[in-house]
Each structure stands twice: as C-alpha cells, then as structure tokens.
Amino acid sequence: MRVAASVIAVLFTACATGAAAQDRPAAYANAEACLETNVDAAVAASSGAADAAEFLLGYLCAGPVAAATKYEVNSELLTSVQGMTDSFMALIPATAETGDMPDFDAMTDEEIDAWLAEQEVQEAAAADGTASGTASEAWAQLPPGELIMTESGETVPAADPFEGISVDPVTGEIVTGDNPLGPMIVTLMDYMDAAGRSMSNTPPVFLREHAARLIVQRRR
C-alpha cells in the first residue's frame with residue numbers, strides 16, 4: 001500500500017508540475033534558459049556582479065529577455081484596460097433601453113421623417129432631464145455636490161476623487177478603502193506603470209532576480 005501511495009503521489013506531483021509549466025508562457029521559460037546557458041560567459045567577461053548582470057540581461061540574452069518583458073507589459077496593459085473599462089461602466093447610471101431600429105426599407109419617406117422627428121423630441125426631453133427613466137433624470141435628482149453614482153445606485157461626493165486612497169507603507173500597494181473610484185484609479189496607475197516600463201524596456205523582476213542568483217553562484 002505504501003508503494004502504491006508513493007507512486008500515486010509521484011504521478012500527482014508530475015501532473016501538477018506539468019500543468020503549471022503549460023500555464024507559464026514560453027517567453028518566460030526561454031528567457032530563463034538563455035540566462036542559465038550564458039551566465040558563465042557573462043561572469044567571465046565582466047569585472048563585477050552588476051556588470052555581469054547587465055551584460056547577461058541586456059546583451060547576451062537581449063532577444064529572449066525583450067520577449068519576456070513585452071509579454072509581461074502587454075499582459076498588464078490588457079488587464080489594466082479591461083479593469084478601467086469595467087470600473088467606468090460600473091459608474092454609469094442605468095439608462096432607458098433603446099428600442100429596435102425600424103425597417104427603413106419598408107417605410108415611406110413620410111414615415112421616416114416622422115420617426116426622426118420623434119427621436120429628436122425624445123433626445124431633447126432627455127437633455128432637459130424630463131424623460132422618464134433616463135440617465136439625465138437620474139443625475140438631475142442628485143443633491144448638489146453628489147455627482148457620482150455607484151453600481152448599486154448610491155451617490156457619493158465627487159469633490160475629492162482620491163479621498164481615502166493611500167499607499168501601504170509595507171507592501172507599497174495602493175489602498176482604496178471605500179472610495180468607489182478606487183478600482184478605476186488603481187487600474188489607471190497600473191496602466192501608466194506598465195506603459196512606463198514598456199518605454200524603459202525594464203526586464204521583469206523575476207528575471208533580474210534569477211540572473212543575480214546565477215551570477216552569485218558562479219562567482220563563489
């Protein structure tokens with residue numbers, strides 16, 4: 001029984017490891033493999049650990065490291081854009097449902113003109129906040145200074161969009177508290193951070209750490 005249990009445990013571990021490897025992008029694995037292959041050359045050609053790391057990451061493995069960097073940055077940018085979109089949509093008040101468009105091909109010119117005139121009347125009413133169930137009416141009912149509506153319909157003061165938002169002194173992460181704009185602000189900052197790293201072409205942290213460990217081992 002112990003042998004069978006051991007075999008099952010080994011198989012389970014192997015399957016879990018294989019699944020984790022499949023979930024990891026090839027760009028990361030390729031960059032790590034390049035670092036491991038070329039670390040000796042980087043150490044031999046450099047006067048110090050920092051020089052070796054720069055030579056290894058920026059020259060000997062420039063291509064694979066650039067691919068890994070691009071994957072990380074573009075993944076974060078995509079996630080940030082999706083987060084900003086979701087946060088923005090959550091702040092938009094519910095509007096009246098738009099009816100189906102008429103079949104203009106089956107309508108006479110007079111019927112089309114009448115339909116367009118009706119749409120103009122409805123749009124004018126919505127702009128004045130008089131159309132029942134429209135976003136304009138919902139915003140018009142808000143007290144002065146309360147111009148933000150959350151997904152649940154709650155209104156919050158819009159005077160200070162950063163109220164309650166701070167930086168955790170230990171982790172460095174953004175803390176949003178109860179601010180309904182928090183998710184949007186966080187994703188916007190993540191987007192700006194990823195865009196900045198894209199411009200600077202800074203390698204991912206885990207690759208720099210991996211390169212440092214390899215170089216320290218070789219220099220012992």
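When reading the values below, keep in mind they use all heavy atoms of this one structure, side chains included, and skip hydrogens, waters and symmetry mates.
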For this session: Start with the C-alpha gap between Arg208 and Val205, add the side-chain angles, then the distance that decides, and say whether side chain to side chain contact (heavy atoms under 4.5 Å, CB included) holds.
Result: CA-CA 5 Å; Arg208 284 178 280 161; Val205 172; 3.3 Å; yes

Taking everything shown except [X] itself, do over 12 heavy atoms lie less than 6.0 Å from its [atom1]?
X	atom1	value
Phe206	CZ	yes
Tyr191	OH	no
Met107	CE	yes

For this session: First locate atom CG of Leu56, then atom CG of Leu214, and finally report the distance between them rounded to the nearest 0.5 Å.
Result: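 These two atoms lie 7.5 Å from each other.
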
Please report, to 0.1 Å, the donor-acceptor pairs under 3.5 Å made by any side chain of residues 33-55, with sequence neighbours excluded.
residue: Glu36; atom: OE2; partner: His210; partner atom: NE2; Å: 3.0
residue: Thr37; atom: OG1; partner: Ala33; partner atom: O; Å: 2.8
residue: Asn38; atom: ND2; partner: Cys34; partner atom: O; Å: 2.9
residue: Asp40; atom: OD1; partner: Arg218; partner atom: NE; Å: 2.8
residue: Ser46; atom: OG; partner: Ala42; partner atom: O; Å: 2.7
residue: Ser46; atom: OG; partner: Ala52; partner atom: N; Å: 3.4
residue: Ser47; atom: OG; partner: Asp51; partner atom: OD2; Å: 2.8

Exercise. Is there side-chain contact between Arg24 and Glu32, with at least one heavy-atom pair below 4.5 Å?
Worked result: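 They are in side-chain contact.
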
For this session: With the side chain counted from C-beta on, respond yes when Thr79 and Glu76 share a heavy-atom pair under 4.5 Å apart, and no when they do not.
Result: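 Sidechains of Glu76 and Thr79: no contact.
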
Exercise. Tyr28, Leu57: one ILVMFWY side-chain cluster at the under-4.5 Å cut-off?
Worked result: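 In one cluster with Tyr28: Leu57, yes.
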
Exercise. What is the minimum heavy-atom distance between Ala62 and Gly58, and which atoms define it?
Worked result: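 Nearest heavy atoms, Ala62 then Gly58: CB-O, 3.4 Å.
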
For this session: Identify the heavy atoms of Ala68 and Ala27 that sit nearest to each other, and give their distance.
Result: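 For Ala68 and Ala27, the tightest heavy-atom pair comes out as CB-O, 3.7 Å.
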
